[in-house]
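Scope of the values below: all heavy atoms of this structure, side chains included, with no hydrogens, waters or symmetry mates.
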Amino acid sequence: LDYTGLIAGRFGRTRRFANQFPVRTPRPPGISTPAVDSGGGTCYKWTETFQKVEELTVERIAARIKHMAGYVVVLAKWLVLGALIGAVGGFVGSLFHIGVNYATSERLRYPWILYLLPLAGLVIVWLYKAAGVWGKGTNAVIESVHFGKDVPVQLVPVIFLATVLTHLCGGSAGREGAALQIGGGIGHETGKLLHLGEKDLPLATLCGMAGVFSALFGTPLTATVFALEVISVGVLYYAGLVPCITSAMVGYLVSLAMGVPPTRFTVTAPALSAWTMVLVLALGIGCAVVSILFCQGLHRTERLAEKYLKNPWLRAVVGGCIVIALTKLVGTGDYNGAGMDVIERAVAGEASGWAWVLKLLFTAVTIGFGFKGGEVVPSFFVGATFGCVAGSLLGLPPGFAAAVGLLAVFCGAVNCPIASVILSIELFGSGGLLYFAMACAVSYLLSGYCGLYSSQTILYSKLRAEFINVHAK
């Protein structure tokens with residue numbers, strides 16, 4: 001519109017006054033001040049306009065490309081680092097698996113080795129004190145991820161040798177807990193050698209945990225999610241997804257190349273029905289109680305041993321003697337070592353009525369009095385044997401109930417429901433997935449805030465949508 005007439009009429013001026021206000025046309029974007037030619041009209045330097053628009057577009061495109069390139073660089077970095085850590089972790093983890101299996105076979109071949117357990121305890125105490133890692137364990141690895149604390153590299157050979165000695169001489173312990181320490185130490189030290197920053201070093205530690213766990217157990221997906229989930233319950237470290245799954249896959253492939261067979265069981269799940277789901281729910285409730293007993297049994301035995309036997313050398317000797325006495329009392333070696341053969345029998349539908357109680361007792365004494373190893377396989381043992389017995393009483397197929405018990409007790413003990421559900425698929429297949437998921441969910445809820453690892457933080461309440469940030473107990 002031409003407003004010059006309105007302006008002239010309002011102020012009573014002549015039209016020549018209005019001519020002093022040239023008509024302006026819309027300016028293209030990016031130009032703030034128009035150029036006025038000598039004739040008083042408005043014109044624009046279109047060449048300069050297009051140049052500025054072009055420069056602006058090029059800058060935006062360059063910024064976007066730089067931003068996207070950052071993601072590609074991070075992806076490439078963690079694919080390489082994850083593969084490297086996974087390869088080292090897979091190799092060491094496979095050697096560890098072979099060493100533990102060899103120790104177990106030698107103990108079964110020469111039963112008198114059991115009487116060397118007190119001496120093995122003394123050697124373990126000496127190893128830890130000589131290496132300067134006394135009191136360090138899985139909690140130290142978790143604290144490394146939480147607070148950026150160092151994981152002593154000497155922890156790797158020490159826990160390796162101490163666990164093999166424990167299995168050789170008949171202590172009741174597993175392997176996967178030691179695997180977390182070995183893997184965490186390898187990942188942390190690799191990150192330090194490569195001068196990773198304080199934000200990347202915890203991810204390298206998680207990589208090592210996933211790689212060695214995967215190599216030992218043959219469950220790469222479970223190892224990935226477990227490493228991300230076990231540190232802080234309620235929060236997954238999604239930034240570690242690519243690094244951990246890369247490390248876990250490489251570690252798994254290395255273990256296969258070294259002849260380490262993955263752990264697998266054959267279980268036939270009943271057809272999906274409402275009544276069977278109710279029975280599984282009831283079994284899940286029982287497994288939650290058992291997981292509490294398992295965790296509290298280990299923790300309280302350790303506290304009592306430290307309270308009444310303050311000298312670690314004496315504590316190791318006494319613990320070894322108790323395990324020997326218990327073995328002679330029950331008259332079988334089923335509760336020494338990891339007990340994978342008993343787990344296999346339970347999944348096949350055969351278990352003694354009190355096997356889960358005895359394994360809990362043997363493991364509590366072994367770990368509580370200073371011997372080394374993992375708690376995961378003993379939790380499998382306790383869960384599978386309890387599930388087999390309790391499931392039979394409920395009317396469930398005993399082998400299927402043993403699988404449910406194994407998963408549910410493990411879930412309640414480590415507070416990792418997602419990893420437990422994935423573990424069900426990798427160990428038993430997907431046939432009973434809905435039943436396994438229900439049992440794990442119930443056990444996770446009812447196990448409260450108990451857990452195997454006291455450094456594990458539970459960020460969100462299990463009862464409501466509430467941030468609580470408490471440690472497992």
Counting only heavy atoms not in [X], do more than 12 fall under 6.0 Å of its [atom1]?
X	atom1	result
Lys473	NZ	no
Phe91	CZ	no
Arg300	CZ	no
Phe467	CZ	yes
Trp134	CH2	yes
Trp126	CH2	no

Distance, nearest 0.5 Å, that separates [atom1] of [X] from [atom2] of [Y]:
X	Y	atom1	atom2	answer
Leu221	Ile245	CG	CD1	5.5 Å
Leu423	Leu406	CG	CG	7.0 Å
Glu344	Thr263	CD	OG1	8.5 Å
Glu143	Ser454	CD	OG	7.5 Å
Cys411	Phe436	SG	CZ	13.5 Å
Ser379	Phe410	OG	CZ	6.5 Å

Ser255 and Ser94 side chains, donor-acceptor separation under 3.5 Å:
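No, because no side-chain N or O of Ser94 sits under 3.5 Å from a partner of the opposite role on Ser255.
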
With no hydrogens and no angle check, is any side-chain donor or acceptor of [X] less than 3.5 Å from a backbone partner on [Y]?
X	Y	answer
Ser247	Cys244	no
Gln181	Ile159	no
Asn415	Cys450	yes
His167	Gly174	yes
Lys372	Ala178	no
Gln456	Gly451	no
Arg315	Glu306	no
Ser443	Cys440	no
Thr363	Leu360	no
Glu229	Ala419	yes

Anything under 30° is parallel, anything over 60° is perpendicular, the rest tilted; go ahead and classify Phe217 against Phe380.
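Plane angle under 30°, so parallel.
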
With Phe265, which residues qualify under ring-ring contact (aromatic ring centres under 6.0 Å, His included), at least two apart?
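For Phe265, the residues satisfying ring-ring contact (aromatic ring centres under 6.0 Å, His included) (neighbours in sequence not counted) are Phe428.
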
How close do Ile85 and Gly187 get, heavy atom to heavy atom, and via which atoms?
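Ile85 and Gly187 have their closest heavy atoms at CG2-CA, 4.1 Å.
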
Pairs under 3.5 angstrom only: tabulate donor-acceptor contacts from the side chains of residues 195-213 to other protein residues two or more places apart or in another chain.
residue, atom, partner, partner atom, Å
Asp200, OD2, Lys77, NZ, 2.8
Thr205, OG1, His188, ND1, 3.4
Thr205, OG1, Leu201, O, 3.2

Only one of Trp356, Trp354, Phe362 passes ring-ring contact (aromatic ring centres under 6.0 Å, His included) with Tyr335; say which it is.
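Testing each of Trp356, Trp354, Phe362 against Tyr335, the sole residue satisfying ring-ring contact (aromatic ring centres under 6.0 Å, His included) is Phe362.
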
If we check side-chain contact (heavy atoms from CB on, under 4.5 Å) with Cys169, which of these qualifies: Leu117, Val123, Ile324?
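Filter result, single survivor: Leu117.
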
